[in-house]
Amino acid sequence: MKLSDTYKEKQDLPQLELTINIIETSYQHKIIWQYIEFCRILNEQAKKYGYTKEMIEETIKICTDEDILKEYLSKRKKEVMSIMSTLFSQEEVTKFVIEEEREEAKKEGIQKGMQKERVGIAQRLLKLNISIDDIIKATGLDKETINTLL
């Protein structure tokens with residue numbers, strides 16, 4: 001089993017890869033097997049419900065019904081709900097921040113491209129011996145920028 005199999009968003013190259021080989025065959029009631037099953041069920045529910053409270057509740061219900069981490073989940077359901085809600089809330093915030101940063105980078109790229117175009121126009125106008133004042137009016141560049149092109 002690979003850790004990357006549990007990633008909700010597949011990546012071309014995982015940032016971290018962990019492969020585990022389960023050697024013991026009578027492991028159904030062992031904690032590692034139960035945790036692996038919990039993660040598998042969580043991923044299935046995430047596909048159905050997205051990262052919502054309903055996904056968390058359904059995961060806990062299924063696991064409890066199937067005797068997967070049943071004792072732990074029964075005793076600490078509120079704690080598990082709280083932790084998982086916090087984790088998924090942070091994930092959503094992180095996605096939002098990343099999207100905002102992408103938009104900002106896109107705007108910066110557009111502005112740099114426009115600036116480069118204005119400089120190119122100014123260079124062509126200088127070659128045509130157009131006055132600096134007219135180039136400033138035509139391109140919106142300041143006098144210092146145009147003087148660096150001379």
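If you read the sequence from its start, that first residue is 1, and numbering goes on from there.
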*Roughly how far, to the nearest 0.5 Å, is the OH atom of Tyr35 from the CG atom of Leu69?*
9.0 Å
*asked:* Give me the atom names and distance for the closest heavy-atom approach of Lys70 to Thr64.
replied: CD-O, 3.6 Å
*What pairs with Glu37 under side-chain contact (heavy atoms from CB on, under 4.5 Å), at least two apart in sequence or on another chain?*
Trp33, Arg40, Ile68
*Looking at CD1 of Ile32 and CD of Gln34, how far apart are the two atoms once the value is rounded to the nearest 0.5 Å?*
10.5 Å
*asked:* Nearest 0.5 Å, please: how far is CD1 in Ile62 from CG in Leu42?
replied: 10.0 Å
For a quick test of your reading: what N or O donor-acceptor pairs under 3.5 Å do the side chains of residues 76-84 make, sequence neighbours left out?
{"from": "Arg76", "atom 1": "NH1", "to": "Glu79", "atom 2": "OE1", "distance (Å)": "3.3"}

_Set of residues satisfying side-chain contact (heavy atoms from CB on, under 4.5 Å) with respect to Thr52, sequence neighbours excluded_ = Tyr49, Glu54, Met55
*Give, for atom CD1 of Ile135 and atom CG of Leu128, the distance between the pair rounded to the nearest 0.5 Å.*
8.5 Å
Per-pair distances, 0.1 Å, donor-acceptor, side chain in residues 108-125, under 3.5 Å, sequence neighbours excluded:
{"from": "Gln115", "atom 1": "OE1", "to": "Arg118", "atom 2": "NH2", "distance (Å)": "2.6"}
{"from": "Arg124", "atom 1": "NH1", "to": "Gly120", "atom 2": "O", "distance (Å)": "3.4"}

*Write out all pairs satisfying side chain to side chain donor-acceptor pair (under 3.5 Å) with one or both partners inside residues 136-150, taking only residues at least two apart or from two chains.*
Asp142-Thr145
*Identify whether the distance between the nearest side-chain nitrogen and carboxylate oxygen of Glu71 and Lys75 falls below 4.0 Å.*
yes
*Gap separating the CD1 atom of Ile146 from the CD1 atom of Ile130, nearest 0.5 angstrom*: 12.0 Å
*With Asp65 via salt bridge (Lys or Arg N to Asp or Glu O under 4.0 Å) - residues at least two apart*: Lys61
*Below 4.0 angstrom, N of the basic side chain to O of the carboxylate: do Lys47 and Glu44 qualify?*
no
*Hey, what do you get for CD (Glu58) to SG (Cys63), rounding to the nearest 0.5 Å?*
10.0 Å
*asked:* Test side-chain contact (heavy atoms from CB on, under 4.5 Å) on Glu103 and Glu99; report intermediate values, then the result.
replied: CA-CA 6 Å; Glu103 287 299 316; Glu99 189 58 38; 3.5 Å; yes
_Tell me the closest heavy-atom pair linking Leu150 and Ile132, and the distance in Å._
CD1-CD1, 4.1 Å
